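What follows is a single structure, written as structure tokens, with notes after it.
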Amino acid sequence: MVFRQAKWNEPLIFEIDGNGRIGHIVPEPDEVVRRIVGGINIPEKIKRKKPPSLPRVSEVEVVRHYTRLTQMSYGVDTGPVPLGSCTMKYNPRIGFEAAYDPRITWLHPLQDEDTVQGLLKLLYLLQKWLANITGMDKCTLHPAAGAHGELTGMLITRKYHDLRGQLNVKKEIIVPDSAHGTNPASASMAGFTVVEVPSGSDGNIDVEALKTVVSEKTAGLMITNPSTLGLFEENIAEIEELIHNVDGLLYYDGANLNGIMGYTRPGDMGFDIAHINIHKTFGSPHGGGGPGAGPVCVKDRVVDEDKGVRLGDLLPGYIVEYDEDNDKYYLLGPGKHSIGLLKAFFGNIGPLVWGFTYILMLGAKGLRLVTEQAVLNTNYFASKIRKVKGFSIPYGEKRPRKHEVVVSAEKLYEETGVSALDVAKGLLDAGFYAPTIYFPLIVREALMTEFTESETLENIDRYVERLREISETAYTNPEEARKWPINTSVGRIDEVKANHPKTMAPTWRIYLEKMGK
Ligand SMILES: *Cc1c(COP(=O)(O)O)cnc(C)c1O
């Protein structure tokens, strides 16, 4: 397949000389505004001394600028994005239609409840459906994404032990070595000490090792199941018992729900708290196309018998409730025992509406089909890549995968010097997005690959074919592999410079400072 990406010599928008042209005139506040808010009186001391240096270009220049940038870019609407753990599935346009309906986008969070009954009903149903899909009792739609959900879960865990008078003892959160980096980060942000447990060679958590770290100090355990290796944790029942025996809570990182949805549920596995990444499992865009949404669901287990406090009372934000007698939906919270608010208002409504639409469109049977197709795609790919020289599938080599598979290019690297990074660049060069590389940390030269259910058989075949070509080039002409990519709009970038605090320039202002302008 021939691939060549568009290449424009496009300056930054700040560098475009609009020659005095401007696209928009900000009006002076008119008489009506003046009368309502009594004029705009910004205190002198917080006023800018000079106007911000915004780009001065006309509308057509803005549109062309960004259109050209999109032509030099790549996304899930261009081709496969098998970025493992991220579940970069196609975002069905019907979700866009719903989320961007003016009847949603023109609502204001401070509007009277009576005027937003439709949206509240939608959110109420979504809470119910997510509870059902995860096997939990109560959900909040408040957190902004998965990592935010994790922090929520850890703060709930903290509050749980606090209300039980155990916070001075319960200091540790156990996390497996295959965990996503946000897990230990969230536990640590919530004030816990992180204890790592290793995975066995079969990819399951090493239960004997777990037994040695579980103690009275254990506040909880955070895991994702299936794991980031794409493997179902076979000892989950035993793990659940170990943690609950010391009154720890089990937190479920739901980023990999796409591998089990409709087949099993975190609630049935004994988890107490779970987050859901709407932008992964339920089809709303993420990455640059965000924002995401990270609802958190809990089992309504008892926290304090005497005071009648349950885990659901600890949830943050607002919960939509339904008053049957008056046929009215209303917002409740945050209540007395809630961990409070983690952001403004009710959650990221756009992605939530998108996720609602996705679930409504597919129904229960459809969601099961999603899982089946995603798992089939992964195992089809795994069966093919096993036969390509230089690649292997470590950890439980013979075990079937769920939503993703972590391929190792270790042998290729040792025999040819061509690394996982070079392989990734070789994929970009053929019009594919690369898999996640060098993660999870326990796999050397890792290529974490996830096609999801929305990728076509033809594309998976082409992808394998490209990996076969890459392997061939590596063994015959490794120098060539190190020059990739040459067909993309931007060639091989200096990864160190791009990430080093000394050279990284994420904003125009910082860029100017670093250039000494
Ligand atoms: C994506 C991901 C997260 C974090 O979720 P965000 O929505 O990106 O904040 C956590 N754990 C795993 C395994 C993930 O893949």
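It should be emphasised that the depicted structure is a prediction, and the values quoted were computed from it without experimental measurement. Counting starts at 1 for both ligands and their atoms, in listed order.
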Atoms in ligand 1 with a heavy atom of [X] nearer than 4.0 Å:
| X | value |
| --- | --- |
| Ala145 | 7 (O), 9 (O) |
| Ala147 | 4 (C), 5 (O), 6 (P), 9 (O) |
| Ala255 | 2 (C), 11 (N), 12 (C), 13 (C), 14 (C), 15 (O) |

Looking only at protein heavy atoms, which one is nearest to [atom], and what is the separation?
| atom | answer |
| --- | --- |
| atom 5 (O) of ligand 1 | Asn277 ND2, 3.0 Å |
| atom 10 (C) of ligand 1 | Glu150 OE2, 3.1 Å |
| atom 15 (O) of ligand 1 | Ser85 OG, 2.5 Å |
| atom 6 (P) of ligand 1 | Gly146 N, 3.5 Å |
| atom 11 (N) of ligand 1 | Asp253 OD2, 2.5 Å |

Phe451-Tyr463 aromatic ring centre distance below 6.0 Å: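 Close enough - the centres of the two rings lie under 6.0 Å apart.
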Pair Phe439 and His180, ring centroids less than 6.0 Å apart: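 Ring centres of His180 and Phe439 closer than 6.0 Å.
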Quiz item: cation-pi between Arg466 and Phe432, 6.0 Å / 45°: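 Not satisfied by the 6.0 Å and 45° rule.
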Location of contacts on His148 toward ligand 1, heavy atoms closer than 4.0 Å: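 No part of His148 is near ligand 1 at this cut-off.
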Contact (N/O only, under 3.5 Å) between Lys280 and ligand 1: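 Such a contact does occur with ligand 1.
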Close N or O approach (His279, ligand 1; < 3.5 Å):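 Yes, there is a polar N/O contact under 3.5 Å.
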Partner of Trp129 under ring pair (Phe, Tyr, Trp, His ring centres under 6.0 Å), chosen from Phe356, Tyr124, Phe282: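 Answer to the ring pair (Phe, Tyr, Trp, His ring centres under 6.0 Å) test with Trp129 among Phe356, Tyr124, Phe282: Phe356.
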Sole candidate of His286, Glu450, Lys280 that passes side-chain hydrogen bond (donor to acceptor under 3.5 Å, both in side chains) when paired with Thr87: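 In the set His286, Glu450, Lys280, the residue that makes a side-chain hydrogen bond (donor to acceptor under 3.5 Å, both in side chains) with Thr87 is Glu450.
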Full working for side-chain hydrogen bond (donor to acceptor under 3.5 Å, both in side chains) between Arg301 and Tyr160: CA-CA 10 Å; Arg301 61 182 286 165; Tyr160 170 83; 3.3 Å; yes
Nearest atoms (heavy-atom pairs only) where Ala187 meets Val194: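 In this case the closest contact between Ala187 and Val194 is CB-CG2, 4.0 Å.
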Under-4.0 Å salt bridge between Arg399 and Glu234: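 So Arg399 pairs with Glu234 through a salt bridge.
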